[in-house]
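Quick note on labels: first sequence line is chain A, next is B, and so on, each numbered from 1.
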Protein chains: 2
Amino acid sequence: MSDLLERLRGRGWRLTAQRRVVAEVLDGDHVHYTADEVHAKATERLPEISRATVYNTLGELVSLGEIIEVSTDGRAKRYDPNAHHAHQHLVCSRCGTIRDVHPAGDLLAGLPAEERFGFQVSAVEVTYRGLCPGCSGA
Amino acid sequence: MSDLLERLRGRGWRLTAQRRVVAEVLDGDHVHYTADEVHAKATERLPEISRATVYNTLGELVSLGEIIEVSTDGRAKRYDPNAHHAHQHLVCSRCGTIRDVHPAGDLLAGLPAEERFGFQVSAVEVTYRGLCPGCSGA
DNA sequence: ATCTTGACTTAGACAAAGTCCAATGTAAGG
DNA sequence: CCTTACATTGGACTTTGTCTAAGTCAAGAT
């Protein structure tokens with residue numbers, strides 16, 4: 001994701017300080033932040049950045065296919081910078097932490113034709129749920 | 001789900017007019033309503049029912065395992081009355097319609113031990129996405 | 001049948017997450 | 001360095017959901 005900014009500029013993206021900071025936050029750790037967490041991290045480097053801009057920028061990155069929006073429960077959406085590798089998610093039922101996982105086999109194949117009701121099925125999302133080591137211990 | 005009320009009373013549930021109405025709404029059509037939609041339908045039969053009670057009752061029915069909470073996007077949660085048959089969801093990417101589907105095989109088995117990162121994995125949710133017959137035709 | 005009591009309901013305040021808008025600022029091509 | 005179209009800002013607003021204090025009522029006890 002390091003050449004992300006160049007790639008986006010090639011697509012006519014106007015490069016601003018705010019957008020750079022948001023992209024850097026996502027590029028840093030490999031965690032799935034909420035919009036508010038992204039805003040908090042971005043504020044450390046660019047104190048005057050507004051919440052609206054963070055939301056705008058995240059929305060654009062999603063439309064451009066650079067990050068993935070994950071809404072695992074009724075809480076805040078999280079943003080997954082790992083958009084270029086197919087993967088699924090493992091979510092802690094208590095604290096909401098998300099890990100990327102890679103299940104075996106062809107997930108689409110699990111749905112027989114007679115269960116497709118005429119849909120053109122094009123994608124599968126799988127969410128595994130359970131307690132993470134930290135939460136199950138306590 | 002017709003004997004739902006009896007079953008719950010057997011478990012010490014106090015049977016009130018409000019709870020009966022909420023249960024009847026869910027029992028009626030086989031649709032996945034949002035909490036607000038349930039409230040609207042309930043209000044038709046019992047005008048003075050409050051939002052808080054609808055939320056409370058839905059929450060109780062979820063804890064009791066009688067209905068399932070589904071959040072397919074970042075929007076409002078939906079409630080699925082079909083809790084006694086394990087099933088997954090097929091969602092139309094354009095119009096948002098949800099169908100219940102029954103994939104083949106053991107879905108939990110798809111996640112190898114080395115991909116579990118110490119989690120106690122207890123559930124899987126699968127969402128298939130695609131275009132429904134109506135939307136793909138256009 | 002009526003009483004009692006603790007569980008249930010209510011309205012409205014509150015909170016979290018996100019969207020929208022008009023005014024202002026600025027990146028980048030000319 | 002000018003221009004201008006695009007980006008940013010702060011704050012109001014919306015949606016979805018939670019909480020609380022006070023009033024109400026279902027159901028077992030008498």
Side-chain angles (χ1 to χ4, degrees), chain A residues 5-25 32-43 45-64 66-80 95-96 98, chain B residues 5-25 32-43 45-64 66-80 96:
Chain A
L5 294 174
E6 274 313 311
R7 232 183 312 145
L8 293 177
R9 199 144 63 141
R11 294 206 234 167
W13 223 48
R14 193 137 123 194
L15 190 44
T16 67
Q18 290 83 348
R19 287 176 169 180
R20 187 175 2 243
V21 167
V22 168
E24 282 172 7
V25 167
H32 302 69
Y33 291 126
T34 63
D36 245 31
E37 286 165 351
V38 172
H39 180 235
K41 298 256 173 202
T43 300
R45 309 192 196 189
L46 188 65
E48 67 275 22
I49 193 171
S50 77
R51 274 174 7 102
T53 296
V54 171
Y55 277 104
N56 287 343
T57 305
L58 289 172
E60 287 155 14
L61 290 172
V62 169
S63 318
L64 291 168
E66 295 292 340
I67 63 178
I68 293 175
E69 199 175 70
V70 186
S71 53
T72 52
D73 46 8
R75 305 185 196 179
K77 292 176 192 163
R78 291 175 177 272
Y79 293 89
D80 182 346
C95 69
I98 303 181
Chain B
L5 294 174
E6 275 313 311
R7 231 182 312 144
L8 293 177
R9 200 145 60 139
R11 296 205 232 167
W13 223 49
R14 193 139 123 193
L15 190 44
T16 67
Q18 291 84 347
R19 287 175 169 179
R20 189 180 353 248
V21 167
V22 169
E24 282 171 7
V25 168
H32 302 69
Y33 291 126
T34 62
D36 245 31
E37 286 165 352
V38 172
H39 180 234
K41 299 254 172 204
T43 301
R45 309 191 196 191
L46 189 63
E48 68 273 22
I49 193 172
S50 77
R51 276 176 1 106
T53 296
V54 171
Y55 276 104
N56 288 343
T57 306
L58 289 172
E60 286 155 15
L61 289 172
V62 169
S63 318
L64 292 168
E66 296 292 342
I67 63 177
I68 293 175
E69 201 175 67
V70 186
S71 52
T72 53
D73 46 7
R75 316 198 55 125
K77 293 175 194 164
R78 292 176 175 274
Y79 293 88
D80 182 344

Considering only side-chain heavy atoms of B:Ala52, which listed nucleotide, C:dA11, C:dA17, D:dG11, is closest?
C:dA11

Lys/Arg N to Asp/Glu carboxylate O, B:Arg11 vs B:Glu6, below 4.0 Å
no

In whole Å, what is the span from the CD atom of B:Glu69 to the P atom of D:dT16?
14 Å

For the pair A:Arg19 (side chain) and A:Arg14 (backbone), establish whether a donor and an acceptor sit closer than 3.5 Å, ignoring hydrogens and angles.
yes

Checking D:dC25, C:dG18, D:dA7 against the side chain of B:Arg14 (C-beta onward), the nearest is D:dC25

Is A:Gln18 close enough to C:dG25 that one of its side-chain N or O atoms is under 4.0 Å from OP1 or OP2 there?
no

Given DNA chain C, 5'-ward residue of the pair B:Arg51 and B:Glu48, judged by closest heavy atom
B:Glu48

Whichever of A:Ala17 and B:Ala35 has the more 5' nearest nucleotide on DNA chain D, that residue is A:Ala17

Between A:Arg78 and A:His32, is there a donor-acceptor pair closer than 3.5 Å when you use the side chain of the first and the backbone of the second?
yes

Please report, rounded to the nearest Å, how far the P atom of D:dT15 is from the NZ atom of A:Lys77.
15 Å

Presence of B:Thr16 side-chain N/O under 4.0 Å of D:dC25 phosphate oxygens OP1/OP2:
no

Could you check how far CG of A:Asp36 sits from P of C:dA15, rounded to whole Å?
15 Å

Taking the side chain as every heavy atom from C-beta outward, state whether A:Leu61 and A:Leu8 have any pair of such atoms under 4.5 Å apart.
yes

In whole angstroms, the gap separating P of D:dA7 from CD1 of A:Ile49 amounts to 14 Å

Considering every strand and a 4.0 Å limit on heavy-atom distances, what is the contact class for B:Thr53: base, sugar-phosphate, or nothing?
base

Indicate whether OP1 or OP2 belonging to D:dT18 is found under 4.0 Å from a side-chain N or O atom of B:Tyr55.
no

Provide, to the nearest angstrom, the distance between the CZ atom belonging to B:Arg78 and the C1' atom belonging to D:dT16.
13 Å

Side-chain touch B:Tyr79/B:Val62, heavy atoms, less than 4.5 angstrom
yes

Using atom CD of B:Glu37 as one end and atom P of D:dG17 as the other, report the distance to the nearest whole Å.
11 Å

Residue pair A:Asn56/B:Arg9 against DNA chain D: nearer the 5' end by closest nucleotide is A:Asn56

Nearest-angstrom distance from the residue atom CG of A:Leu46 to C1' of C:dG25
13 Å

If I take atom CZ in residue A:Arg20 and atom C1' in nucleotide C:dA27, what distance separates them, rounded to the nearest angstrom?
11 Å

